Amino acid sequence: MLGNSSPMAEALKHAVLIVGALIVILPFYVMLSYSMKSPNEILTNTGGFIGSQEKMVDDYCIKLGNPKKDCYRTPVFFNYGSAFEKAPLVRYLLNGVFVTLSIFIIQVLVALPCAYALSKLRFWGRDVVFAMVLVCLLIPVHAIALPIYLMLAKVGLTNSYAALIIPWTISVFGIFLMRQFFMTIPDDLIDAARIDGMSEFSIVWKVMLPCAVPALMAFAIFSVVAHWNDYFWPRVVITGDRSYFTPPLGLREFTGGADGDFYGPIMATATIIVTPLIVAFLLAQRKFIEGITLSGMK
Amino acid sequence: MASVTIRDIEKSFGSVNVLNGVSVDIEDGEFIVLVGPSGCGKSTLLRIIAGLEQQNAGNISIADELVDNLHASHRDIAMVFQSYALYPHLTVANNISVPLHMRRLSFLQRLPLLGRFMPGHKEIMDGIKRDVDEVTETLGIGALMDRKPGQLSGGQRQRVAVGRAMVRHPRAFLMDEPLSNLDAELRVHMRAEIAELHRRLATTFIYVTHDQAEAMTMADRVAVMMDGDLLQVDTPSNVYKNPTDIRVAEFIGSPKINILAAQVDGAGKITVGDRMLSGLYSSVKGEDIQVGVRPEALTLADIKAEGLPCRIVHHENMGSEAYFHAELNIGGRVISRMDASALDTFATGQEASIVIDPQNALLFGKEGQRLASKIEVAA
């Protein structure tokens with residue numbers, strides 16, 4: 001803590017931070033609140049944070065021809081219940097876990113040897129290759145989405161896990177991040193490993209990987225969060241088969257259609273989707289921040 | 001254990017020449033120290049011997065066998081780095097056993113999880129453990145086996161690094177400034193420890209340092225390098241007493257040797273300032289030369305004595321001896337090392353005269369090459 005800032009300046013700093021935090025938190029507050037309220041409370045904006053939880057009538061239940069007395073529901077159970085019933089949300093979540101982890105693992109398998117070569121091996125054209133990596137960082141995903149879709153379609157890979165995973169397996173950002181981290185690892189360590197009899201591949205997996213855990217954590221956040229939350233790419237390549245849906249695609253189940261939007265179940269689904277990320281972040285908060293600042297070494 | 005032969009090694013990085021044809025024969029079991037100022041190419045030479053760097057020309061042989069095309073791991077040498085280069089994620093025991101794992105276990109036996117089920121795994125691991133225990137016993141680091149390098153002090157890390165080098169009984173040890181990260185006291189202690197280790201192992205040691213004191217105290221032979229050239233390879237006492245080049249004379253010895261301009265007349269008699277050095281004759285005649293005098297060969301005397309008049313500008317009391325810095329009236333500064341009792345007679349600010357001991361004066365030509373001299377005791 002700096003001792004020389006005045007109370008006024010401190011108060012101002014905190015005010016700015018509080019406003020910033022509120023702006024970030026507000027959408028989550030709305031999401032969580034709506035996920036617990038009845039449609040009527042959502043539309044009239046009443047009921048406070050958790051709603052009155054008065055029994056409400058499930059229109060869909062009546063449409064199915066059930067007597068009205070059987071169709072009373074508590075809003076919070078109705079919202080979360082329909083999130084799991086109307087959409088196979090567990091399946092979507094498992095798809096999400098499988099796809100995100102596969103992407104991350106393959107990205108690491110590719111990025112570590114690349115970063116090692118770019119930072120620690122001397123070969124002709126290394127700087128040019130690295131410059132190409134940097135240029136690739138500038139290309140937006142959406143610019144190349146169509147060609148990639150066409151290629152996948154040509155080989156008949158749309159509507160498959162492969163379509164969700166393969167386009168993301170080479171992460172130039174990952175290569176760049178790991179390369180920058182490897183630059184800070186002393187060359188002596190690698191020379192020592194060579195004299196000890198390790199091959200270059202052994203060095204990557206047995207020396208560089210354990211040293212790079214903080215940087216890998218940072219990369220893991222970026223990669224996992226981006227692909228867990230990705231709506232765009234799954235929407236492009238998963239055109240029909242709902243069994244390949246990832247969690248964000250699950251949100252679509254409740255939008256539009258003749259019945260109008262079901263905000264309650266949508267928000268319940270959204271809450272379920274973000275919860276694993278938030279829990280994971282809270283559990284490993286310290287490690288994550290260490291990773292981002294790359295201060296874990298020494 | 002093996003001899004190491006270095007033949008005409010040349011190395012350049014881009015347009016910068018780092019080594020210009022260095023040759024030296026290192027005998028089996030010898031402790032040789034490569035010493036020189038930073039940037040003289042000594043570390044590069046060591047890395048070429050290790051196989052971590054490829055020379056542009058010349059050969060390296062270990063035990064009379066050319067190793068130029070051998071990978072570092074197949075040269076059967078061990079290296080201790082300045083930064084110790086311990087694996088930060090492994091315990092001390094694992095750090096030391098890595099070279100044995102890589103050499104004794106097959107690829108399949110090294111596999112994580114599966115390796116331990118491969119035939120022969122347990123016997124080899126037991127053997128490795130025995131060898132590691134033996135090394136840690138020798139180095140007195142048995143109690144640290146389960147710590148990570150981050151939890152060790154500088155001296156302990158240094159021992160672990162030496163242990164990792166020792167454990168596979170290499171043919172030669174290469175050490176790249178292993179003591180320069182330690183504090184002064186520990187450095188002096190480790191100096192003795194490494195020299196003792198060399199005696200016990202009786203293996204070839206090639207040791208790189210920029211600290212001439214380390215070179216003088218530890219080496220069987222000192223190799224002085226400067227600007228990519230090997231200037232002199234000789235025993236510590238010869239390098240000190242009989243330097244072949246003025247740069248060697250200036251680099252070895254602390255405080256530094258005093259260099260004075262001198263003239264030689266037609267008869268070979270040498271004059272410094274207006275004083276003739278009695279009894280000393282130069283092999284070259286009628287030229288300007290340089291005279292090198294070690295601080296202990298310069299004594300202060302009363303201003304009226306036969307010597308070069310000077311003024312004492314500073315004195316340092318080292319306890320058992322004293323250093324006097326003096327400004328000569330003919331220009332130039334010299335340092336004299338005398339017994340501490342001289343402090344009773346001389347002090348900063350005083351006028352005095354400097355007397356050169358001709359027996360211990362070294363003559364160098366204008367280009368710095370050593371000149372022969374002849375001493376004739378005046379009748």
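Source: prediction; values computed, not measured. Chain A is the first sequence line, chain B the second, and so forth, proteins listed ahead of strands; every chain is numbered from 1.
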Plane angle bin for [Y] and [X] - parallel if under 30°, tilted between 30 and 60°, otherwise perpendicular:
| X | Y | answer |
| --- | --- | --- |
| A/Y161 | A/Y244 | perpendicular |
| A/F173 | A/F219 | tilted |
| B/F173 | B/F205 | tilted |

Chain A contacts, top residue of B/R110, B/R164, B/M79, B/H101 (heavy-atom pairs, under 4.5 Å)
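Of the options given, most contacts go to B/R164.
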Is chain A contacted by the side chain of [X], its backbone, both, or neither, given a heavy-atom distance below 4.5 Å?
| X | value |
| --- | --- |
| B/L86 | backbone |
| B/A78 | backbone |
| B/R47 | side chain |
| B/H71 | side chain |

Please lay out, stage by stage, how B/D211 and B/T209 fare under the test side-chain hydrogen bond (donor to acceptor under 3.5 Å, both in side chains).
CA-CA 5 Å; B/D211 181 349; B/T209 181; 5.3 Å; no
B/D131 with B/R104: basic N within carboxylate O range, under 4.0 Å:
yes
When only pairs under 4.5 Å are counted, which of A/I190, A/D191, A/D187, A/L189 shares the most heavy-atom pairs with chain B?
A/D191
